[in-house]
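This is a predicted model, so every value here is computed, not measured.
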Amino acid sequence: MKDSKSLYWKLSAYFFFFFFTWSSSYSLFSIWLGQEINLSGAATGIIFSVNAIFALCMQPIYGYISDKIGLKKNILFFISVMLVFVGPFYIYVYGPLLQYNVILGAIVGGLYLGIAFLAGIGAIESYIEKIGRKYDFEYGKSRMWGSLGWAAATFFAGQLFNINPNINFWVASVSAIILVAIILSVKVEMTDQELERADSVKLKDIGQLFLLKDFWFLIVYVIGVTCVYSVYDQQFPLYYASLFPTEALGNQVFGYLNSFQVFLEAGMMFLAPFIVNKLGAKNSLLLAGFLMAFRIVGSGMVEGPIGISGMKLIHALELPIMLIAIFKYLAANFDTRLSSVLYLVGFQFASQVGASILSPIAGKLYDSIGFRDTYMVMGIMVLCFTILSIFTLVSSKKSKGINHNKNEVQKAI
């Protein structure tokens, strides 16, 4: 019990400072690209697409290594050390490269951001979810602190950006130093059974996942529904800032809005396990999809800062339900030895594939038909895929789901 409480607080603190680091350096990323680096919407879309491609290349690798090493903290330590250099990277490498050559800058930036943040978050979340299952604490209650970390950094990000964007990047590096100290203090014991279980994971196990129709149906849901929220968020700060008399005022108010949203999200992270346990994993995923469709379509219909702010805050309801439901859906229907691979490939990887396809398309649509009409298109797409998922996602109990999928693999082989 003592180990459980200590690990909960240490890993919750790790979540807090990881998201604080990420928010400090990334929450105003599209504003930095548009206002500081002076890139067009299409160029910004290309950068987000390249980031997604590098992230998806790393996600299966992180997933396999994470399942293979079990509860060892090697990946979290590696990511923490990389993040210490995030400030110098943005200021002295990424920004100058993007101004010199967008494609070259996008490739170098995509490699770093993909490894450190965009793929790294999946490795961190799946690791802490495993620890939560072993030491009997809800993942959502630990992940809540990550939302608070993001909100804490975002609250000041807009003001600091208006003073000097580089301040946010230096704050991120200082936060990452704390991350290293936290992960060094974490101690997790692995039993002989856990070591054997981790060692039994083979590359062919990953391949066998793609023989399961239920796994493919989940990927369809992820590409058609969950990845769209990240595409929506990519250039939303630019649209939001454009609704104000000055960009500086828009940046500042967006910082406050984003901070408030993530505080609400943190509260929902605490409540989401109760909601998902009550509704079931499948129904919770469907609920998150309908909420997202309503939010994105609504963003294309409302006018002015107040209306769009209200739509943006719905994100605080849908995301926690979706994250908790994804983990519970995977645990209920697939082999838990592969929990990291399942999450990083079935959810994170599939999301990045969708984002890499949709980001440049969305960027061109923003430039040609405007933000509001683009949001209508995106929202209708999410609604259609959510309705499809009513018939394709499964609602089976854990033992039934695992046995069903094992039999399916054996038949396919």
Side-chain angles (χ1 to χ4, degrees), residues 22-23 26-34 41-42 44-49 51-52 55 117-118 121 147 150 154 221-243 250 254-255 257-258 260-262 264-265 268 285 287-305 307-323 326 347-348 350-386 389:
W22 193 1
S23 175
Y26 203 74
S27 62
L28 299 180
F29 184 60
S30 60
I31 290 178
W32 179 70
L33 292 173
T44 299
I46 290 170
I47 289 169
F48 278 108
S49 181
N51 287 350
F117 289 121
L118 305 176
I121 178 56
S147 298
W150 184 281
T154 306
Y221 170 86
V222 170
I223 292 176
V225 179
T226 66
C227 85
V228 179
Y229 84 77
S230 64
V231 176
Y232 168 94
D233 282 348
Q234 285 169 0
Q235 298 193 44
F236 180 82
L238 282 173
Y239 173 57
Y240 191 81
S242 72
L243 301 176
F254 178 74
L257 174 70
N258 208 15
F260 180 56
Q261 173 203 306
V262 182
L264 291 178
E265 183 183 300
M268 275 301 297
L285 289 174
L287 173 61
F290 285 122
L291 284 171
M292 186 185 303
F294 177 78
R295 170 171 66 90
I296 298 176
V297 169
S299 297
M301 297 177 68
V302 299
E303 295 184 9
I308 197 70
S309 296
M311 289 296 111
K312 184 72 169 70
L313 290 176
I314 297 173
H315 185 90
L317 303 178
E318 86 202 24
L319 182 62
I321 293 172
M322 181 178 295
L323 281 177
I326 280 287
F347 181 66
Q348 294 283 349
S351 293
Q352 294 299 337
V353 169
S356 66
I357 296 168
L358 291 177
S359 293
I361 296 173
K364 289 179 180 178
L365 287 175
Y366 290 144
D367 289 340
S368 59
I369 65 174
F371 281 90
R372 293 179 64 186
D373 288 340
T374 302
Y375 291 152
M376 292 294 293
V377 172
M378 291 166 62
I380 291 170
M381 171 187 163
V382 170
L383 179 62
C384 291
F385 274 91
T386 303
S389 297

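- Looking at heavy atoms from C-beta onward, Thr154 lies out of side-chain contact with Gln261 at the 4.5 angstrom threshold.
- Considering all non-hydrogen atoms of both residues, Ala350 and Val222 come closest at CB-CG1, 3.7 Å.
- Ser299 and Tyr232 share a side-chain donor-acceptor pair at under 3.5 Å.
- To the nearest 0.5 Å, atoms CG (Leu238) and CZ (Phe254) are separated by 9.5 Å.
- Contact of the Ile369 side chain with the Thr374 side chain is registered, since non-hydrogen atoms from C-beta on lie closer than 4.5 Å.
- Among Phe48, Trp22, Phe236, the one residue that satisfies the ring pair (Phe, Tyr, Trp, His ring centres under 6.0 Å) test with Phe29 is Phe48.
- In this structure, Leu313 CG and Phe260 CZ are separated by 6.0 Å, a value rounded to the nearest 0.5 Å.
- In this structure, Met376 and Val297 approach most closely via the heavy-atom pair SD-O, 3.4 Å.
- In this structure, Leu118 and Tyr26 have side chains that are in contact, with non-hydrogen atoms separated by less than 4.5 Å.
- Under the 4.5 Å side-chain criterion, counting only non-hydrogen atoms from C-beta, Leu358 is in contact with Cys227.
- Taking the side chain as every heavy atom from C-beta outward, Leu323 and Phe347 approach each other to under 4.5 Å.
- The CE atom of Met381 sits 10.0 Å away from atom OG1 of Thr386, with the distance rounded to the nearest 0.5 Å.
- Here CD1 of Ile47 is found 4.5 Å from CG of Leu33. Values are rounded to the nearest 0.5 Å.
- In this structure, the separation between CD1 on Ile46 and NZ on Lys364 is 7.5 Å, given to the nearest 0.5 Å.
- Nearest heavy-atom pair, Pro320 versus Met268, reported as atom, atom and distance to 0.1 Å: CG-CB, 3.5 Å.
- Contact annotation: the side chain of Met301 never approaches that of Met311 to less than 4.5 Å [non-hydrogen atoms, C-beta and beyond].
- Sorted by first and then second residue, the pairs that involve residues 307-321 and meet salt bridge (charged side-chain N to carboxylate O under 4.0 Å, His left out), not counting sequence neighbours, are Asp233-Lys312, Arg295-Glu318.
- Counting only heavy atoms from C-beta outward, the side chains of Asn51 and Phe117 never approach each other to under 4.5 Å.
- The shortest heavy-atom contact between Ile314 and Leu291 is CG2-O, 3.9 Å.
- Here Met292 contributes atom CE and Leu383 contributes atom CG; the two are 12.0 Å apart, rounded to the nearest 0.5 Å.
- Residues Leu264 and Ala316 come closest through the heavy atom pair CB-CB, 3.6 Å.
- Between Val382 and Phe290, every side-chain heavy-atom pair lies at or beyond the 4.5 Å cut-off.
- For Ser309 against Tyr240, the heavy-atom pair with the smallest separation is OG-OH, 2.8 Å.
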